[in-house]
Amino acid sequence: MENNTLFKTIEQLKETLTDISSARQQVTDTVTAYALTQKEIHSYAKHLKDIENALAELITLLQNNNTAIEQQTESAVSNLNRSCDQILNKTKSELSNATKKFTSDTVENINTLNRQAEKFNHIIDSANQLTI
């Protein structure tokens, strides 16, 4: 009878370890997704820096020829500002979504790990009672 209970406990431990391995993989996947998000953020920052440099060059050109091309420049700057605003808004939105997803995944993974740890502790307690 004790052997049967011991085998059941061993099976429960195996299942718990499998669940913990699955939860660990979920955490790894979340960390990988976060790293990719960071890479995207860096890419957006680089593009924004390129836009800033282009604007600085444009300003320098305008200072040299402002009378002849004032109207064309105003239109170009306005279009560029709209484009920058769109990029900035899109970046903020995507970063917000990525942060929310990362937070949600992390909380879910922590909860899964906590449940698995509780289950594991319960099985260990059951195993300890068998040895008493």
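Residue pairs satisfying the ring pair (Phe, Tyr, Trp, His ring centres under 6.0 Å) criterion with at least one member in residues 11-33, sequence neighbours excluded, are absent. Here side-chain hydrogen bond (donor to acceptor under 3.5 Å, both in side chains) pairs that include residues 83-97, with residues two or more places apart or in two chains, are Tyr44-Glu94. Listed by first and then second residue, the side-chain hydrogen bond (donor to acceptor under 3.5 Å, both in side chains) pairs that reach into residues 21-36 are Gln25-Asp29, Thr30-Asn109, sequence neighbours excluded. The list of salt bridge (Lys or Arg N to Asp or Glu O under 4.0 Å) pairs with a residue in residues 30-48, not counting sequence neighbours, reads Lys46-Asp50. The stretch residues 4-15 participates, sequence neighbours left out, in these salt bridge (Lys or Arg N to Asp or Glu O under 4.0 Å) pairs: Glu11-Lys14. Listed by first then second residue, pairs satisfying salt bridge (Lys or Arg N to Asp or Glu O under 4.0 Å) with a partner in residues 101-111 read Lys101-Asp105, not counting sequence neighbours.
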Anything under 3.5 Å between a donor and an acceptor, one on a side chain of residues 51-59, the other on a protein residue two or more places apart or in another chain? List them.
from, atom 1, to, atom 2, distance (Å)
Glu52, OE1, Lys49, NZ, 3.3

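Applying the side-chain contact (heavy atoms from CB on, under 4.5 Å) rule to Gln116 yields the partners Thr16, Asp19, Ile20, Thr112, Lys119; only residues at least two apart in sequence or on another chain are considered. For Asn79, the side-chain hydrogen bond (donor to acceptor under 3.5 Å, both in side chains) partners at least two apart in sequence or on another chain are Arg82.
Ile41 shares a hydrophobic cluster with Leu95; the chain of contacts runs through ILVMFWY side chains whose heavy atoms sit under 4.5 Å apart. Think of Leu113 as one node in a network of Ile, Leu, Val, Met, Phe, Trp and Tyr side chains linked at under 4.5 Å; its network also takes in Val27, Val31. Through side-chain heavy atoms spaced under 4.5 Å, either directly or across other Ile, Leu, Val, Met, Phe, Trp or Tyr residues, Leu36 is tied to no other residue.
Distance CZ/Phe120 to CD/Gln12: 12.0 Å, rounded to 0.5 Å.
Under a 3.5 Å cut-off, the side chain of His47 and the backbone N or O of Ser43 do form a donor-acceptor pair.
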